[in-house]
Amino acid sequence: MSDVDRSIPDRNLALELVRVTESAATFAARWIGRGDKIAADQAAVDAMRLMLDTVSMRGIVVIGEGEKDEAPMLYNGEEVGDGTGPEVDVAVDPLEGTRLTALGMPNAIAVIAVAERGALFFPGAALYMDKIAVGPEAADAIDIDATPTENLERVAEAKHVAVNDLTVVVLERDRHVDLIAELREAGARVNLIRDGDVAPAIAAAQLGTGVDLLMGIGGTPEGVISAAAIKCLGGAMQGKLWPRNEVERARLIEDGFDIDRVLTTDDLVKGEDVFVAATGVTSGALMRGVRVVGDHVETESLVMRSRSGTVRRITATHPLTKIQSLMKGAR
């Protein structure tokens with residue numbers, strides 16, 4: 001195989017990645033409703049790391065998980081993969097929605113995004129960003145510098161519906177009080193979520209999910225992962241870094257970041273060789289969660305590839321005895 005060939009992720013990589021998220025989801029599912037988000041996250045991280053080492057790639061974790069809340073992590077700069085295959089950037093969230101899992105609430109997922117080396121945006125000290133995400137029909141309509149009302153009107157026009165037919169997902173946070181009030185005043189339905197905005201961002205880019213937009217301030221790492229999925233789906237995302245205080249703002253400026261710059265989908269994820277796999281942990285609008293049925297476990301996953309635009313929904317059955325054996329090996 002030539003050097004050129006090795007630099008391009010092969011289409012089969014997508015199906016290797018789904019094994020990674022399936023493993024993370026099934027391990028994390030043991031902790032659904034048990035009130036221990038750290039244990040759930042640790043189980044997902046252990047399982048994801050175990051399976052990543054079998055994937056044919058030379059990966060570097062660019063977007064790691066856990067630094068924000070001191071949870072277990074696959075850390076930035078960690079080398080993953082079996083040491084063969086293409087050189088790639090890797091963005092991971094072994095359990096997006098740790099608290100959702102601990103409380104037994106909807107929309108927790110395990111997710112991974114992979115792109116050619118140098119393709120994924122590195123946010124530095126920016127833990128949060130303002131975001132807006134939509135599907136293909138409204139990809140050219142959004143403008144994060146416009147008001148929420150203006151964005152609703154533009155998206156409604158692009159989708160040939162009324163504003164009061166739109167549903168917007170927003171994280172339930174004090175910082176969003178004014179945003180929520182304006183969205184409701186404009187006539188849109190607001191679906192408030194406690195945690196986890198990757199699944200809703202992906203849902204906003206897909207038909208039939210009941211979600212038209214994601215808006216508001218959330219995690220920057222989650223924004224990069226969402227952008228990877230949205231790129232595969234043909235939707236659009238815009239973001240602006242959101243420093244939490246003057247110290248963080250000064251650090252970002254010192255590191256060369258333009259705080260006022262509008263980051264597009266292509267800024268967050270360059271190139272066309274992007275792969276995303278996500279598996280449901282708890283059931284939600286996007287996917288069904290992990291279920292134990294008799295002597296086996298069932299998972300539902302989405303697998304996406306940007307170059308072809310292919311989106312696969314994969315339902316898999318895993319023998320419970322094999323999963324239990326893997327769990328023992330991961331301890």
Side-chain angles (χ1 to χ4, degrees), residues 7 41 45 48-49 52 57-81 86-94 96 98 111-133 142-146 171 173-176 179 195-198 201 214-231 236-274 276 306:
S7 69
D41 206 14
V45 170
M48 183 167 276
R49 181 176 279 119
L52 274 171
M57 65 180 182
R58 292 172 287 168
I60 298 291
V61 176
V62 176
I63 301 294
E65 183 273 341
E67 293 179 330
K68 183 168 57 183
D69 56 1
E70 297 182 355
M73 67 177 71
L74 280 150
Y75 59 87
N76 289 345
E78 181 171 351
E79 296 182 5
V80 294
E87 294 184 350
V88 294
D89 285 350
V90 180
V92 295
D93 202 336
E96 215 264 331
T98 55
V111 62
I112 184 170
V114 170
E116 56 206 279
R117 184 64 54 82
L120 298 183
F121 177 77
F122 178 66
L127 296 181
Y128 291 90
M129 69 187 302
D130 195 6
K131 315 171 193 177
I132 181 170
I142 58 172
D143 179 359
I144 199 167
D145 285 331
L171 278 167
R173 299 290 188 271
D174 290 344
R175 61 180 178 261
H176 289 149
L179 170 63
D195 290 297
D197 63 2
V198 174
L214 172 89
M215 296 182 73
I217 297 159
T220 306
E222 291 85 350
V224 176
I225 294 173
S226 298
I230 289 168
K231 185 158 195 169
M237 182 172 184
Q238 292 182 10
K240 295 180 78 170
L241 300 182
W242 190 78
R244 294 172 295 172
N245 50 52
E246 288 304 316
V247 173
E248 193 168 287
R249 174 183 292 272
R251 182 178 172 188
L252 286 167
I253 293 172
E254 183 180 345
D255 290 342
F257 289 93
D258 181 354
I259 304 301
D260 297 320
R261 179 186 175 191
V262 175
L263 299 166
T264 67
T265 312
D266 288 335
D267 293 322
L268 295 168
V269 184
K270 296 182 175 67
E272 287 301 329
D273 288 299
V274 183
V276 178
S306 64

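Computed from a predicted structure; not experimentally measured.
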Test item: K231 side-chain N/O and V274 main-chain N/O as donor-acceptor pair under 3.5 Å: no
Heavy-atom pair with the smallest gap, counting every atom of P123 and T220: CB-CG2, 3.2 Å
Donor-acceptor under 3.5 Å (D89 side chain, L120 main chain): yes
Between CZ on residue F121 and OG1 on residue T264, distance to nearest 0.5 Å: 10.5 Å
Non-hydrogen atoms of F122 and N76 that approach each other most closely: CE1-ND2, 3.8 Å
pair R249-L241: side-chain heavy atoms closer than 4.5 Å: no
A227 backbone acceptor or donor facing T265 side chain under 3.5 Å: no
Distance (rounded to the nearest 0.5 Å) between L263 CG and I144 CD1: 8.5 Å
Intermediate values then yes/no, side chain to side chain contact (heavy atoms under 4.5 Å, CB included), I60 and E79: CA-CA 5 Å; I60 298 291; E79 296 182 5; 3.5 Å; yes
Distance in Å, T98 OG1 paired with D41 CG, rounded so as to fall on 0.5 Å steps: 5.5 Å
Test item: E78 and L52 side chains (from C-beta on) under 4.5 Å apart, heavy atoms: no
Atom CZ of R173 with >12 non-hydrogen neighbours under 6.0 angstrom: yes
Pairing of K131 and E222 as salt bridge, 4.0 angstrom limit: no
Nearest heavy-atom neighbours spanning V276 and A113: CG2-CB, 3.9 Å
For the student: nearest non-hydrogen atoms of L252 and A125, plus distance: CD2-N, 3.8 Å
Salt-bridge present (D258, K240; N to O < 4.0 Å): no
Approximate separation, where rounding is to 0.5 Å, of Q238 CD and D130 CG: 10.5 Å
4.5 Å side-chain heavy-atom contact, L74 and P94: yes
Backbone N/O of F257 and side chain of D255: donor-acceptor pair under 3.5 Å: no
Exercise: identify the closest heavy-atom pair between G219 and D197: N-OD2, 4.3 Å
Expected output: side-chain E248 to main-chain A126 donor-acceptor under 3.5 Å: no
Under 3.5 Å donor-acceptor, R251 side chain and G124 backbone: no
Least distance between heavy atoms, I217 atom then H176 atom: N-NE2, 2.7 Å
Nearest-0.5 Å distance, CD of residue E96 to CD1 of residue I225: 7.5 Å
